[in-house]
Amino acid sequence: MQAVRLERRGDVAVLTIANPPVNAIGPGVVASLVSAIESFESDRSYTTLLIHCDGSTFVAGGDISSFDDPNFSAAPFNSTLARLEALDRPVVASLHGSVLGGGLELALACHWRVALPSTKLGMPEVKLGLLPGSLGTQRLPRVAGIKLALDMISTGRTIGAQAAKDAGIIDEVRDGLPLETGLAFAQELISRGDGVRRISALITPLDGIEADFFANAANDARTKKSFYPAAAAIVQAVQASTLPFKGGAAVEARLFEELRQSRESMALRHLFFAEREAAKVPGLAKDVKTRPITRIGIVGAGTMGGGIAMNFANAGIHTVLVETSQAALERGLGLVKGNYDASAAKGRLTAQQVSQRMTLLTGSLDYAALSDCDLVIEAVFENMALKKQICVRLGQVCKPGAIIATNTSTLDVDVLAQATGRAQDVVGMHFFSPANVMRLLEVVRGAQTTPEVLATVMQLARKIGKVAVVSGVCYGFIGNRMAEVYMREAEFLMMEGATPPAIDGAVEALGMAMGPCRMLDMAGIDVGAKTVIEYGLAGGLPPDPSYRAVVQQMFQLGRFGQKTGAGYYHYDGRKPVDDPETARIARTLADVHGIAQRSDIARQEIVERLLYPLINEGFKILEEGIAWRPGDIDVVWTAGYGFPDHKGGPMFMADALGLGVIADRMAHYASTRGNAYGYWTLSPLLASRARGNQQLTDAKAGRS
């Protein structure tokens, strides 16, 4: 099928783009556009050119994969748009679906624009660390004004068709089919005798723009979005729209190319593709049958269980919560209602939506309420004996074919699966707290999990808006297994004399949402300590009496973090304050375990000791086949642990740092700190790649 075709409809030339699934603009489409425009130019019997797209959407962006080509250039598409705009007969764009990025730039190069009411328009390039590179920063301000254009380009948000019409971005909003709507609009133009209108000929309006507007916007971009060079570049490019069009276009082209080659944009583009790859399960047939999911059961109505339930209620799925007491059940449902009410108070939900979602949630004290559920998730606290007991019960109560899932964050899914007596129906569904907010879902495939169970859960994850990553079974799966070594070094650093603010500050300066101490204080030190204790009971701890000694001591002292007002920090409300008591506890433990304290722990050492073992653990996870792709690990850490997306995740960051550098520093710490327990032993995969001066790539990296 041709990507672009030109057909006659009376005296209107219809240029149709057909490049499924989203009609993306790539080199082939651009070449075909040029050919179609040439045909239109040479045939003077046409009065109008109508551009529309097959399928469910207009052009929804450019071919992002081509941005990594060293020879990439936006010039061919930009010159095509200039040629389109320069035509001496009217050019109409008929818009529907998503009109994004290069699609909106294409529409703005046309003389007239008509859209269906459901159309969404936007320029989301900033989410890839870029700015619009095909004159979007120049044409949009000329029709929408500086403030709206800058807002749309800086945030990447979309607006609806009516808002776009009100802003002057489109000319008409009409119901109907895209082709027929566009043809009718074109015929009306012909009847009225309306001709061409070129946005490039307009002057960007400056009404209401203060003299210091751009200076303030640039300062905000540099201070509030310092990790993202695109933020300041977008301000500069939009400001350039006040220049003559040719001059502004040159500014945009220069800034776009600088951003395209930036490490930040490369990282964000890597994550864009990694999220899409994560949804593809190797060995899982595309036509594998999935099981219908119309009713969900959740055991445990605590913070996690209630948050999980909200995901399904939000998606319109009936959900029942089972608890052991009426008080616990009422408390859990009350927390859910409180969360919804808080969203309504902020204008994110209507009262009717809150009522509808609460109607989808019911509670029970009887496991029999789970007997007609298609999927049941146990979400009780992290205790193997308790979870096994529940899994035995679920194996007895759940109907044949029901999927049984565990929300465990660290425990052996295969052991829990065996307890049900139907291991083929069991899968791990590790939600992240708060479960109704966090994007990540680790889907843990057990040794006997059937393909249809795995496919069903991956499909369900998309329905509830989660980014799902498949993990194999091991302690902590992908995320928490790597977090364990991260927390281990944080505690050793504390015992050596580094304070929680210094430890957290070192990685937060790189862009981490929060450092390890703040993270565990928020999650609950009691939760972290119980996990370590369970790990020890399962025989997973190294024979090191100082291992995670701080969290265990904090637990014994009742310092559970934010919820008790004291953990690694003291809390003034939710504000963490450096607490001398933490230093005293760490110093006491250092004396007990013979750990020397020192005052010369530099920020770089903290960063290396926290992140390099974490990266090394990621390599081990790939070697063992726990994760299929390095990108899967990067998605887990950026979507679930606050790892900076502009670094691309820990595995992408490893390539940026250089695997040889990481190997050398791991060896340094092995010699200076000792390696009796293997904390600094290199993954063979990392060692081999470092020796060969190779980078880690997604091409079978875990199998090489």
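Position 1 is the first residue of the sequence; numbering continues from there.
Of all the heavy atoms in Gly133 and Asn78, the pair that sits closest is O-ND2, 3.0 Å. Nearest approach of Leu131 to Ala233, heavy atoms of both residues: CD2-O, 3.7 Å. Nearest heavy-atom pair, Val354 versus Ala344, reported as atom, atom and distance to 0.1 Å: CG2-CB, 3.9 Å. Nearest approach of Pro205 to Ile146, heavy atoms of both residues: O-CG1, 3.8 Å. Residues Glu188 and Arg174 share a closest heavy-atom pair of OE1-NH2, 2.6 Å. Closest of all the heavy-atom pairs between Ala313 and Leu360 is O-CD1, 3.4 Å.
Ring geometry for Tyr641 against Trp637 counts as parallel: the plane angle stays under 30°, on a 0 to 90° scale with 60° as the upper cut. Below 30°, between 30° and 60°, or above 60°: for Phe67 and Phe256 the angle between ring planes is above 60°, a perpendicular geometry.
Ion pair Arg89/Asp11 not flagged as a salt bridge, since none of the NZ, NE, NH1 or NH2 atoms sits closer than 4.0 Å to an Asp/Glu carboxylate oxygen. Between Lys647 and Asp634 there is no salt bridge, since none of the side-chain N atoms of the basic residue sits less than 4.0 Å from a carboxylate O of the acidic one.
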Walk me through whether Asp645 and Tyr228 qualify under side-chain hydrogen bond (donor to acceptor under 3.5 Å, both in side chains). CA-CA 10 Å; Asp645 57 3; Tyr228 301 94; 2.5 Å; yes
Mind running side chain to side chain contact (heavy atoms under 4.5 Å, CB included) on Val99 and Arg113 for me, showing each step along the way? CA-CA 11 Å; Val99 184; Arg113 288 157 292 282; over 6 Å; no
Report the C-alpha separation of Lys280 and Asp632 in whole Å, then their side-chain angles, then the decisive distance to 0.1 Å, and conclude whether the salt bridge (Lys or Arg N to Asp or Glu O under 4.0 Å) test is met. CA-CA 10 Å; Lys280 301 173 184 176; Asp632 291 355; over 6 Å; no
Would Thr638 and Phe652 count as a side chain to side chain contact (heavy atoms under 4.5 Å, CB included) if you check the C-alpha gap in whole Å, the side-chain angles of each, and the deciding distance to 0.1 Å? CA-CA 11 Å; Thr638 52; Phe652 186 88; over 6 Å; no
Please assess Arg83 against Thr80 for the test side chain to side chain contact (heavy atoms under 4.5 Å, CB included), listing each intermediate value before the final yes or no. CA-CA 5 Å; Arg83 188 170 181 177; Thr80 302; 5.6 Å; no
The test is side chain to side chain contact (heavy atoms under 4.5 Å, CB included); show your working for Val29 and Asn23 and say whether it passes. CA-CA 9 Å; Val29 172; Asn23 294 313; over 6 Å; no
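Side chain of Arg198 to backbone of Leu87: a donor-acceptor contact under 3.5 angstrom is found. The main-chain N or O of Ala435 is found under 3.5 Å from a side-chain atom of Asn311 such that the two form a donor-acceptor pair. Judged by distance alone, with hydrogens and angles left aside, the side-chain atoms of Ser35 form no donor-acceptor pair with the main-chain N or O of Ala31 at under 3.5 Å. In this structure, the side chain of Arg9 does not engage the main chain of Leu183 through any donor-acceptor pair within 3.5 Å. Listed for the Gln353 side chain is no donor-acceptor partner under 3.5 Å among the backbone atoms of Asn314. A donor-acceptor pair is defined here as one N or O able to donate and one able to accept, closer than 3.5 Å; no such pair exists between the side chain of Thr456 and the backbone of Thr290. The backbone N or O of Asp151 sits nowhere less than 3.5 Å from a side-chain atom of Ser154 that would complete a donor-acceptor pair. Of the possible donor and acceptor atoms, one in the side chain of Arg269 sits under 3.5 Å from a partner among the backbone N and O of Arg260. With hydrogens and angles ignored, the 3.5 Å screen pairs no side-chain donor or acceptor of Asp171 with any backbone N or O of Val114. No donor-acceptor distance shorter than 3.5 angstrom exists from the side chain of Asp175 to the backbone of Pro117, with no hydrogens or angles considered.
When the shell of 6.0 Å around CZ of Arg348 is examined, it contains 12 or fewer heavy atoms from other residues, nucleotides or ligands. The 12-atom threshold is not exceeded at CD of Gln352, counting heavy atoms of other residues, nucleotides or ligands nearer than 6.0 Å.
Between Ser94 and Leu179, every side-chain heavy-atom pair lies at or beyond the 4.5 Å cut-off. For the pair Glu105/Glu125, a side-chain contact is recorded, criterion being any heavy-atom separation below 4.5 Å from C-beta on. Within the 4.5 Å cutoff, side-chain heavy atoms of Leu108 are placed close to those of Met123. You'll find the side chain of Arg439 reaches within 4.5 Å of the side chain of Glu275, heavy atoms only. Contact of the Arg139 side chain with the Phe245 side chain is registered, since non-hydrogen atoms from C-beta on lie closer than 4.5 Å. Within the 4.5 Å cutoff, the side chain of Leu460 has heavy atoms near those of the Ile317 side chain. For the pair Lys225 and Ile234, the minimum side-chain heavy-atom distance is 4.5 Å or more. The shortest side-chain heavy-atom distance between Ile169 and Leu104 falls under the 4.5 Å cut-off.
In this view, Leu100 and Ser98, Pro124, Thr158 satisfy the side-chain contact (heavy atoms from CB on, under 4.5 Å) rule, not counting sequence neighbours. For Ser118, the side-chain contact (heavy atoms from CB on, under 4.5 Å) partners at least two apart in sequence or on another chain are Leu116.
Both tests pass for Arg276 against the ring of Phe272: distance under 6.0 Å to the centre and angle within 45° of the axis.
Taken to the nearest 0.5 Å, the CG atom of Leu271 stands 10.0 Å off from the CZ atom of Phe643. Taking CZ of Phe77 as the start and CD1 of Ile25 as the end, the distance is 4.5 Å to the nearest 0.5 Å. Here CG of Leu135 is found 5.0 Å from CD of Glu252. Values are rounded to the nearest 0.5 Å. Taking CZ of Phe40 as the reference point, atom CG of Leu49 lies at 5.0 Å (rounded to 0.5 Å). Atoms NZ and OG, from Lys346 and Ser343 in turn, are 6.5 Å apart once rounded to the nearest 0.5 Å. The distance from the CG atom of Leu130 to the CG atom of Leu255 is 11.5 Å, given to the nearest 0.5 Å.
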